[in-house]
Amino acid sequence: MIKLSPSILSADFMKLGEEIKILEREKIPYIHIDVMDGHFVPNISMGFPIVDSIRKETELILDVHLMIDNPEKYIDNFAKAGADIINFHFEAASNPEKIIEQIKATGKKCGITISPDTPAEKLFGLIELVDMVLVMSVYPGFGGQKLIKSSLDKIRIIYDYIKKNNLNTDIEIDGGVKMNNVREVLEAGVNVVVVGSSIFKAENIALEVEHFNDIFKEFDNR
Ligand code: DX5
Ligand code: ZN
């Protein structure tokens, strides 16, 4: 099943609780939470208190995307705050295997993420150790950017690797996904789709989510 993971980076933080309730009513499975440190990326966003507050309000799966240096220092805190999936950046990890072990030791799901300039092949040998591969289709740091088309080629390479090795790893895409390019994204092999601005800047969030879900249904039986 293809799943939507709305990124709250573009949410109205004064209305975050209400907006999450809309997602719950629409039976969205995940909430994508972007954590930025102002070092790994040139922006600062949110941290443990937000994850903790959201955890208290919802049972939805919290898909936490760490865009931070030294992720090993903070993984245990994010696990305690209530993350369900912890994604770290390959580029921020001096020893990715060790970070994967650390995340797994918390009992949470583990995702590894690559930025647009990192070749897909760098993940060979690591994909079999994780639950999810997150392919960034924009340079991490900001919502509302345009999808970089070459990331779809990387998704195809990762998809083939997963099939060839009989794995059932999720492939998530993040950045610039809109109604007018989501079919192309799904055709490349993605099964978890992060959407930020297109959902939270929409006049009617519920309707926008329903439109995405209608398109997902076309792909569910492939
Ligand atoms: C960017 C973040 C994304 C972002 C996506 O660094 O990781 O999750 O919120 O937003 P859109 O869908 O607007 O590109
Ligand atoms: Zn993200």
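Both ligands and their constituent atoms are indexed starting at 1 by order of listing. Computation of the quantities below employed the complete heavy-atom set of this structure, encompassing side-chain atoms and omitting hydrogens, waters and symmetry-equivalent molecules. Residue indices begin at 1 and follow the sequence shown.
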Look only at interatomic distance and state if Ser197 has a nitrogen or oxygen under 3.5 Å from any nitrogen or oxygen of ligand 1.
yes
Can His32 and Asp34 be counted as having a side-chain donor-acceptor contact under 3.5 angstrom?
yes
Proximal ligand 1 atoms for Gly141, defined as those under 4.0 Å from one of its heavy atoms
1 (C), 6 (O)
Within the side chain of Lys108, is there an N or O that forms a donor-acceptor pair under 3.5 Å with the backbone of Ala83?
yes
Do Ser137 and Lys154 have side-chain atoms, one donor and one acceptor, less than 3.5 Å apart?
no
Hey, is ligand 1 close enough to Lys178 that some N/O pair sits below 3.5 Å?
no
Pick one: which of Ile2, Val133, Asp170 meets side-chain contact (heavy atoms from CB on, under 4.5 Å) with Val192?
Asp170
May I ask you to test the Glu121-Ile157 pair for a side-chain heavy-atom distance under 4.5 Å?
yes
Taking the six-membered ring for Trp, are His89 and Phe40 parallel (under 30°), tilted (30 to 60°) or perpendicular (over 60°)?
tilted
Could you tell me whether ligand 1 has any atom less than 4.0 Å away from a heavy atom of Met67?
yes
Would you find a donor on one side and an acceptor on the other, under 3.5 Å apart, between the side chain of Glu91 and the backbone of Thr118?
no
When rounded to the nearest 0.5 angstrom, what distance separates OG in Ser7 from CG in Asp174?
6.5 Å
From CA spacing to verdict: salt bridge (Lys or Arg N to Asp or Glu O under 4.0 Å), Lys149, Glu184
CA-CA 10 Å; Lys149 278 287 169 70; Glu184 237 183 308; 3.5 Å; yes
Distance filter under 4.0 Å to Gly175 heavy atoms, resulting ligand 1 atoms:
14 (O)
Below the 3.5 angstrom mark, is there an N/O of Asp34, backbone or side chain, next to an N/O of ligand 1?
yes
Atoms of ligand 1 close to His32 [distance to a heavy atom under 4.0 angstrom, numbered from 1]
8 (O)
Counting only nitrogen or oxygen atoms and a 3.5 angstrom limit, does Met36 reach ligand 1?
no
Check this for me - ligand 1, Leu9, N or O atoms closer than 3.5 angstrom, yes or no?
no
Heteroatom distance test (Ser7, ligand 1): nitrogen or oxygen, under 3.5 angstrom
yes
Would you call Gly144 a ligand 1 contact, heavy-atom distance under 4.0 Å?
yes
Strictly under 4.0 Å, does any heavy atom of Met136 approach an atom of ligand 1?
yes
Testing the 3.5 Å rule here: is there a donor-acceptor pair between the side chains of Tyr30 and Asp84?
no
For His65, atoms of ligand 1 separated by under 4.0 Å from a heavy atom:
7 (O)
Write out the residue and atom name of the closest protein heavy atom to atom 1 (C) of ligand 1, then the distance separating them to 0.1 Å.
Phe142 O, 3.5 Å
Note the single closest protein heavy atom to atom 12 (O) of ligand 1, along with its residue, its atom name and the distance in Å.
Gly196 N, 2.8 Å
Do other residues, nucleotides or ligands put more than 12 heavy atoms under 6.0 Å from Asn168 CG?
no
Carboxylate-amine/guanidinium contact Lys217 Asp220, below 4.0 Å
no
Angular separation of OD2 (Asp174) and ND1 (His65) seen from the Zn ion (ligand 2), to 10°
90°
Looking at atom 3 (C) of ligand 1, what's its closest protein heavy atom, distance included?
Asp174 OD1, 2.9 Å
Show which atoms of ligand 1 fall inside a sub-4.0 Å distance from at least one heavy-atom site of Gly176.
11 (P), 12 (O), 14 (O)
Need the atom name: nearest N/O/S atom of Asp34 to the Zn ion (ligand 2).
OD1
Under 4.0 Å to a heavy atom of Gly143 - the qualifying atoms of ligand 1, by number:
10 (O), 13 (O)
